Amino acid sequence: MVQYKQKNRSGGIILANKLVLIDGNSIAYRAFFALPLLNNDKGVYTNAVYGFTTMLLRILEDEKPSHVLVAFDAGKTTFRHKTFEEYKGGRQKTPSELSEQFPLIRQLLDGFGIKRYELESYEADDIIGTLSKQAAEGDWVVNVYTGDKDLLQLVTENVKVTLTRKGISEVEAYDLKQVEERYGLTPHQIIDMKGLMGDPSDNIPGVPGVGEKTAIKLIKQFGSLEQTLDSIDQVSGAKLKEKLSENKEQALMSKELATITHEAPIEVSLEDSVYKGYEPEQLLPLFKDLGFNSLLERIGGDTGQEMVSEEEKETIEFEEAKALNDKILSSPAALIVETTPETYHRAPVNGLAIVNENGKFYIPGDLALSSPEFKKWAEDESKEKYVFDAKRAYVALDWNDISLQGVKFDLMIASYLLNPSDSGDDVAVIAKRYGIHDTDGEEAVYGKGAKRKVPEISVLSEHMVRKANSIYVLQEKLTNELKKNEQYELFADLELPLSLVLGEMETTGVKVDVGRLQAMGRELTEQLNALEAEIHELAGVAFNINSPKQLGEILFEKLNLPPIKKTKTGYSTSVDVLEKLEGKHEIIRKILVYRQLGKLSSTYIEGLLKVVDQQTDKIHTRFNQALTQTGRLSSTEPNLQNIPIRLEAGRKIRQAFVPSTPGWKILSADYSQIELRVLAHISQDDNLMEAFKKEMDVHTKTAMDVFHVEMEDVTSQMRRHAKAVNFGIVYGISDYGLSQSLNITRKEAGEFIEQYLKTFPGVKEYMESIVRQAKQDGYVSTLMNRRRYLPEITSRNFNLRSFAERTAMNTPIQGTAADIIKKAMVEMERVLKEEKLEALMLLQVHDELIFEVPEHEIEKLSQLVPQVMESALGLDVPLKVDLNHGDTWYDAK
DNA sequence: GTGACCACGC
DNA sequence: GACGTACGTGGTCACA
C-alpha cells in the first residue's frame, strides 16, 4: 500500500523545515474554471474539489513538506475595505456551483490531516504573508502555491512562490532570480508596480493609462512608487506626467491595497501546520463519496475490480438453504440468479441468493431449479422481486423452464434512468456509486480473460448474497429518486416491462439458414482470393491488404499516389480517401471491393456462423438496455442492428435470416421519419408539421423550402443535400460533419444549416431554447422524462461545450423516438398475447420491428402492427409505419 | 491484452 | 482562430 510518509532526513543531517502554504481560494478558483463541471452520482459538483485534490497530491509528492497550511479568505469585507470601499467591487459573484464545493474542500483537507486557516477581515494572502515571514525568519524553506501573481511580492531568499499556469496542470516556480528575469524588479517592487498599474480584478484603480510596461519602466528608473511621484518632472512624456500628478493619492492608495501584510493577527503558530502524511483510510470514504475513482489508486485505495479487503468489509451472515420454505420465498425479496458474466443464453445457473425481511439466503442452483416451490414463487406475479438486470435473470431462468414474474425493481435499470452516463452491468460498481462498498465486482470474483473461472462456492455464495443485499438496501432509495425526478412511470411502466419483452425476443432468437450463409461465404472467399491475386499483381508485391500500414506504404510510397489524409500513425486508407484516388490507379477500385467483401466475409458470414446455436440454428443476440446515452438499445454477440442493407452485395446477407417454422414469413415494420416527426412535435414548427400532416416527402419539402423552388424543380442533388441536412439535424452533427458527408466545404455546410434554420424558425427556436434549458438544469429530457446530464455544457472549452450543445439538441429527439418504439414494443407484446396470436417479435433495429408470422396471421398483423406502433405516443403530427413481408428478412423490403 | 483503424447499421 | 466533431459493435493488425 502506498502511503505518504515524511521521508527520513538524509544521512541524519537535519535539514531546515519545509513549509508549503497554499492559497485555497485561488487554487479552487483555478481548478473550477479549468475543469468541466463534473458531478458525482448525487449531482454534487466536484470539479474544483477534484482539481484541488490532484494539485494537492502532486504538491505533497513533489515537495515532501514537513509543514503544510491552506489559507482561505474569510467573509466579504476586509481591512482593505476601510481604505477603499470599492475594493474588489464589481467582481462577479462566486458561482454557486463553486461556493458549494468549499465545504467539501475543507473536509478533504481534514481528511489529509492538513491544517487550514482563515481569519476575519483578512485575506488568504495576508495569512500567507504573515506565516511566510515568520517561517523565513526561522530559516525555514517556504513555497507558496497560488494562481495570483500579486503574491510574487513575498519572494525572498527563503521563500519561493509557485504560480499555476494554464489551468492547473502546469506550474511555474519563482525565486528571486526568476522574478528579476520576468519583471526586472525585486519582489518588493512588484507592489510599487501594482500601485501604478492597478489591478482590475481586485478593482484597484492605479494610475489610469499606465499598464505593466510603463509601470515597470518607471519603477526601474526611480526605484519605488514614492520616488517616482517625487520625481514626476523627470518623467518623459507630457501625458504621463499629467496622469501621474493627477492620480498621486490614488496610486499611493493602490499600493497600500496591493501590499500583503506580514503582521496579520493570526492565531496559528508555525508548529500548528505540521504535516505527518495522510492515512489512506481517512481519505477512502471521502474519495468514494466524491466519485474520485481514478484517484483511489494514487492514495492506495482499490479501483473497484480488486477484491474489497477483508478489513473493509463487515462480515455478512447468511444461511445456506437446505429446502425452500415460506421464510425464504417471501415478498418482497431481492433475488440474484447467478450466471457467469457475459452471455446468459444457455448459461448454467451458478446459484441463487435471496435477501428479504427474514434474512439472507444462499440457494444452491440445483435445489432452486428443481424445486416446484421455487418455480411457483418465481412465476407468481404477486411475489415482488428486486433484481439487478431483470432480463439476465429472466432469460437464465427461462432456459430452465421457469418464467420469472413480479419484478418490481431493477437496480441496473433504475441507475441507468437516473443517470445513463454512469450505468453499468456490475452490481458492485453501481452499489458503490450509491454508497455501498462491501460488494466485489464481477471481474474480481470471476477473473478476466484467460483467467476467468467460476470460483469456489464459498466465495461465490457470499458474493451473490452481498449483491442481493445491496439491491435490497438500495431499492427504496433509488425508487424515491425516480419518483422525485418524475421518472417512476418510465421505470415501472416502460423499461421494466420492456426487459421482459426483450428477454422473450432474445430467447426466441432468429433462425438462420446456415447452408445459405456458408454458400455465400464460399463464394466470397473465392472472389476475395481472386481479387487478392490481382491486387498483388498490380502492386508488384504480395502484402496484407487488411493492414492499413502495409496498404498505405504500397499506395503512397510504392505507387506514389497522393496521400490525401494522414492519421496519427501514418497514411489514412479510409473509403473517402480511396474514393478520391479512384481514377488514378486501377488498383484502387479493386481494393475498395476487397474491403467491402472482406467485411462481409469476416464480420457477417464468419461472425454470424460463430454465434449460431448448433442445436437449433438460431441466433440469440442480447439487447443492452442500460447502455446508450440516448435511450436507444444496443445489440451484442452478435450485433443484429447493423446487418448490411445499403449495398446489394451486403443486403443479401439478410437472405440467411429466415422464419423458424416452415411456411411462416418475416414481417418488418419501420417508422417513417420518426425523428423528424418527433422534432416537428417538440419544436411545433409550422412548416415542418405541415410537411407531415400533408404526408409530403420530407426531404423534397426541405429542398423546396431551403432552395426556394417548386416541387417539380427539385433536383436529385437538391434532395440529396436536403436529406443530409435533415440527417444532420437528427443526429446532431456539426457543419464539419455535414461537410464531410456531402463532400462540400465547411463554409457551404454552415450556410446550408443556416438556411435550413431560417426556413424552419420553430426548429431554430427549439434548438436555442433547449440549450438554454440544458444550461439551466444541467440535463435534457425526452417526452417520457428520460434524462441525459450534460455537465460540459457550461465548459469553457469550446469543443466540449459545442459537443454538449449539439447533444442537448439531439438527445430529446433521438431519445423520444426511442421512448416511442419501446412503448410500442411493450404494447405489441401485450396485444399479441391478448389476441392469442402465434406471431413472434424477434428484433428491434432502432426504428424498425421484425416479426416472424404464420401465413394466416399476415393479414391481421398488417393491420395490428401499424396501429399499435402509430398510436404508441400521441404526437401533434401523425406517426407513419411502413410494412413489408417476405420469405426472408431480405424479402421483407 | 490494448489501441488504432476501418466499416456496418440507425 | 483553434479545437475535432452522432452512437453503437466488431473485425483485423500491430504493438506490448
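Keep in mind the model is a prediction, meaning the values are calculated, not measured. Order of the sequence lines sets the chain letters (A, B, ...), proteins ahead of strands, with each chain counted from 1. Any value given below was found using the heavy atoms of this structure, including those in side chains, with hydrogens, waters and symmetry copies removed.
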Closest to side chain of A:Phe803, choosing from C:dA6, B:dC6, B:dC10 = C:dA6
inquiry  = Is there a salt bridge (Lys or Arg N to Asp or Glu O under 4.0 Å) between A:Arg654 and A:Asp891? Walk through the geometry before answering.
reply    = CA-CA 8 Å; A:Arg654 295 180 174 225; A:Asp891 301 297; over 6 Å; no
message = Counting distance alone, no hydrogens or angles: does the base of B:dC6 have a donor or acceptor under 3.5 Å from a partner atom on the side chain of A:Arg595?
response = no
key: Within 6.0 angstrom of A:Lys764 NZ, more than 12 heavy atoms from elsewhere   = no
inquiry  = Counting only side-chain heavy atoms from C-beta out, which of B:dG9, C:dG11, C:dT9 sits nearest to A:Thr636?
reply    = C:dT9
inquiry  = Any salt bridge linking A:Glu586 with A:Lys590? Criterion: basic side-chain nitrogen under 4.0 Å from a carboxylate oxygen.
reply    = no
inquiry  = Under 4.0 Å, counting only non-hydrogen atoms across every strand here, what does A:Ser635 touch: a base, just sugar-phosphate, or nothing?
reply    = sugar-phosphate
task = Go through B:dA7, C:dC3, B:dC8 for me and flag the one nearest to the A:Phe798 side chain.
result = C:dC3
message = Counting distance alone, no hydrogens or angles: does the base of B:dG9 have a donor or acceptor under 3.5 Å from a partner atom on the side chain of A:Arg651?
response = no
task = When you get a sec, tell me which of C:dC3, C:dA6, B:dC6 is the closest nucleotide to the side chain of A:Phe727?
result = C:dA6
remark   = Which of B:dG9, B:dA7, C:dT5 is nearest the side chain of A:Lys599? It is B:dA7
query = C:dC3 pairs with which nucleotide, Watson-Crick or G-U wobble, both distances below 3.5 Å?
reply = none
Distance below 4.0 Å between A:Ser547 side-chain N/O and C:dA14 OP1 or OP2 = yes
query = At under 4.0 Å between heavy atoms, what does A:Arg622 touch on the DNA or RNA strands: base, sugar-phosphate, or nothing?
reply = nothing
request  = Select base, sugar-phosphate, or nothing to describe what A:Gln814 touches, counting heavy atoms under 4.0 Å on all strands.
outcome  = nothing
Evaluation steps, side chain to side chain contact (heavy atoms under 4.5 Å, CB included), between A:Glu675 and A:Asn726 = CA-CA 10 Å; A:Glu675 281 101 350; A:Asn726 280 329; over 6 Å; no
